[in-house]
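To keep things clear, I will list the structure first and then write my remarks on it.
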Amino acid sequence: MLRSNYLPHVKAWSAVVSRLSGSPDNGPNDAIRLYYSVVKRVRRVSDRALVAHSWPDTAAFNAVLNACANLGDVKMFCQVFDEMPEWNAVPDALTYNVVIKLCARVDRKDLLVCVLEMMLSKGVEPCITTLQSLVAAYVGFGDLGTAEKLVQALREGRRDLCRVLRDANSANHDANEEDGDVFGKLIPKSVIDNSEPPLLSRLYRPNSRIYTTLMKGYMKSGRVSDTVRMLEAMRRQEDSASHPDHVSYTTVISALVKAGSMENARQVLAEMIRLGVPANLFTYNILLKGYCHQLQIDKAKELIREMTDVVGILPDVVTYNTLIDGCILVDDSAGALEYFNEMRARGIAPTKISYTTLMKAFALSGQPKLASKVFDEMLKDSRVKVDQVAWNMLVEGYCKMGLIEEAKSVVERMRENGFHPNVSTYGSLANGIALARKPGEALLLWNEVKERCEPRKEEDSSLPLPPPIKPDEGLLDTLADICVRAAFFRKALEIVACMEENGISPNKTKFTRIYVEMHSRMFTSKHASKARQDRRRERKRASEAFKFWLGLPNEYYATEWSLNPPGKQDDYGSASI
DNA sequence: CTAGGGTTAG
């Protein structure tokens with residue numbers, strides 16, 4: 001079989017897998033597919049030793065596992081992991097670092113310490129980035145307390161890190177057991193039963209990456225002074241490996257920019273320059289965003305001039321995307337277009353974010369036709385792939401103008417192209433419907449939203465059902481608002497019940513005001529015909545139920561509950577709050 | 001230059 005000679009060397013195919021594993025869009029899936037296509041061909045060769053050069057090694061597995069982790073696919077991860085012995089590939093520190101990343105992706109904070117313990121018990125020595133991954137994972141969970149304890153323990157030269165983490169974790173037992181059986185084999189929780197946890201085999205000094213990871217935690221949670229204090233502490237460190245570098249400074253600048261302290265942010269930049277720590281494009285882009293958000297476009301332009309002319313850093317696509325968004329913030333859609341064209345003229349390729357941001361400029365300024373033209377350009381540009389956000393922006397453009405029919409036909413096209421509307425799409429439609437004053441459309445929309453809220457059942461997955469959605473406050477409040485105004489009280493009650501199921505408290509004050517202003521004199525006409533009164537009965541019942549929910553005086557206060565027809569009790573079901 | 005600190009769109 002000559003064919004077997006055509007099997008690529010593991011170094012070659014795993015390099016591709018590695019590159020794909022972290023790339024956006026379908027990269028991780030392609031990575032896994034590539035792995036299986038090679039492995040399948042190797043398995044077909046009767047004497048596998050002949051194609052040993054193609055066997056996946058530990059590095060190849062790490063790349064595939066990274067793809068699984070990026071997808072958050074625990075089942076696939078365990079499946080690939082279990083195939084390692086077949087090829088004599090032994091998990092190394094990097095493999096377990098990817099496991100840590102997987103735990104972070106799928107919300108299993110409780111398993112982080114188990115990974116560390118398993119590494120130690122299997123004799124795999126953690127590397128410094130293992131510890132950084134752990135810090136990053138805790139930071140990602142918003143658990144800065146544990147992240148701090150971890151860093152502090154490292155600083156103190158402690159080797160009982162597992163003990164430290166177990167103690168920190170003992171507070172929260174609410175582990176998500178759903179993946180337990182899948183994870184069970186990979187990371188046995190039994191390791192943390194009674195016995196004293198293993199000790200680190202050596203000491204680890206925190207480096208500036210670890211400190212910066214913790215700083216990022218402070219930054220993300222808006223703790224500006226802690227971020228700045230961390231920088232100061234790093235500067236006082238004796239060992240140069242923990243001194244702040246350009247990323248540390250940039251993180252501080254990011255924290256200050258987020259807090260709107262542009263003056264202070266500029267001072268940190270000046271400090272970087274003074275100390276000879278090179279600011280880079282990231283640093284400038286962050287500052288740029290700050291000026292745009294402060295609506296200081298002039299300052300933004302000045303900064304770019306300084307960056308280009310003095311420092312010699314050229315703007316990139318992110319710079320331009322930020323500037324385009326900055327124009328939108330000051331209602332300058334023409335300026336947004338100018339920057340877009342300037343960018344292209346300079347040979348900087350627009351990304352899907354560039355196109356979508358430019359669409360936003362036209363959508364928000366009431367020019368859906370122009371937004372649509374940008375969308376068409378995007379479709380023609382082979383370098384970018386139209387995604388959900390772009391479709392949503394197109395829908396938003398029409399909804400912003402109350403052009404419901406156009407918006408609906410875009411949603412149809414969107415479906416034909418394989419994208420299901422999401423909460424954001426529905427939010428735009430709801431706003432458009434409110435603007436167009438077409439409450440009948442709101443009923444249709446609510447029916448669809450209601451369908452998508454239902455948890456899907458495994459059995460009837462014969463058809464590719466759209467994924468379930470978790471409606472947000474904006475969407476439900478808008479729908480309820482429309483229904484209350486249109487006196488669709490039955491539907492309004494359904495929607496507010498849905499809000500409460502999703503932990504959103506409906507704005508009763510607002511709905512009461514709308515009810516009193518618009519409907520308090522409803523059903524008071526004495527001149528209606530008998531037939532008309534009959535037709536109105538159901539609506540009146542709904543109205544009373546809604547008043548009951550609002551806490552307004554209603555006929556239930558004056559009437560015996562038992563007077564309701566027994567079979568009709570359910571009518572009020574959604575009102576029983 | 002793969003897991004591994006800092007930027008942009010709904």
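Lettering of chains follows the sequences in order, A, B, ..., and the numbering in each one begins at 1.
Listed nucleotides B/dG4, B/dG6, B/dA9 differ in distance to A/K352; the shortest reach to its side chain belongs to B/dA9. Nearest nucleotide to the A/M393 side chain, out of B/dG5, B/dG6, B/dG10: B/dG10. Ranking B/dA3, B/dT7, B/dG5 by closeness to the A/K101 side chain, first place goes to B/dA3. Closest to the side chain of A/S18, from the set B/dG10, B/dT2, B/dT8, is B/dT2. For A/S208, counting side-chain heavy atoms from C-beta on, the closest listed nucleotide (B/dG5, B/dG6, B/dT8) is B/dG5. For A/D245, counting side-chain heavy atoms from C-beta on, the closest listed nucleotide (B/dA3, B/dT8, B/dG5) is B/dG5. Looking at the side chain of A/S254, the nearest of the listed nucleotides B/dT7, B/dA3, B/dA9 is B/dT7. Taking only side-chain atoms of A/V98, from C-beta outward, the nucleotide of B/dA3, B/dA9, B/dG5 with the closest atom is B/dA3.
Side-chain contact between A/R452 and A/H420 is present, with at least one heavy-atom pair separated by less than 4.5 Å.
A/N62 comes within 4.0 angstrom of nothing in the nucleic acid, heavy atoms only. Counting any heavy atom pair closer than 4.0 Å across all strands shown, A/I286 reaches sugar-phosphate atoms only and no base atom. Among the heavy atoms of the strands lying under 4.0 Å from A/N280 is at least one base atom, whether or not backbone atoms are also near. Residue A/S248 is classed as a base contact, given a heavy-atom separation below 4.0 Å to a base. Within the 4.0 angstrom heavy-atom criterion, base atoms lie near A/N422. Heavy atoms of A/D472 sit nowhere under 4.0 angstrom from any nucleic acid atom.
We find that CD1 of A/I100 is positioned 20 Å from P of B/dT2, with the value rounded to whole Å. In this structure, A/L429 places its CG atom 13 Å from C1' of B/dG10, rounding to the nearest Å. As rounded to whole Å, 15 Å separates atom C1' of B/dG4 from atom OH of A/Y204. We find that CG of A/N285 is positioned 12 Å from P of B/dA9, with the value rounded to whole Å. Here B/dG6 presents its P atom at 14 Å from CG of A/N207, a figure rounded to the nearest Å. Between the C1' atom of B/dG10 and the CD1 atom of A/I353 lies a distance of 11 Å, rounded to the nearest Å. One interatomic measurement links the two molecules: CG of A/D92 to P of B/dT2, which rounds to 17 Å at whole-angstrom precision. Remark: P of B/dG5 and CZ of A/R209 are 8 Å apart, rounded to the nearest angstrom.
Of the candidates A/K216, A/Q132, A/R155, A/R155 is the only one forming a side chain to side chain donor-acceptor pair (under 3.5 Å) with A/Y211. Between A/N285 and the choices A/T250, A/T319, A/T322, the side chain to side chain donor-acceptor pair (under 3.5 Å) rule is met once, by A/T319.
When the side-chain nitrogen and oxygen atoms of A/K289 are compared with OP1 and OP2 of B/dT7, none of them lie within a distance under 4.0 Å. Contact annotation: A/T283 does not reach the phosphate of B/dG6 (side-chain N/O to OP1 or OP2, under 4.0 Å). Note on A/K360: every side-chain N or O is 4.0 Å or more away from OP1 and OP2 of B/dA9. Between A/Q132 and B/dG5 there is a side-chain N or O to OP1 or OP2 distance below 4.0 Å.
A donor-acceptor contact under 3.5 Å links the side chain of A/T129 to the base of B/dG4.
To the nearest whole angstrom, the two C1' atoms, one in B/dG10 and one in B/dG6, are 23 Å apart.
Look at A/K408 and A/E448 and you find no salt bridge, because none of the NZ, NE, NH1 or NH2 atoms lies under 4.0 Å from a carboxylate O. For the pair A/D226 and A/R229, the salt-bridge criterion is met [side-chain N within less than 4.0 Å of a carboxylate O].
Classified by interplanar angle (parallel below 30°, tilted 30° to 60°, perpendicular above 60°), the ring pair A/W87/A/W55 is perpendicular.
Applying the side chain to side chain contact (heavy atoms under 4.5 Å, CB included) criterion to A/P368, with sequence neighbours excluded, gives A/Y398, A/M401, A/L403.
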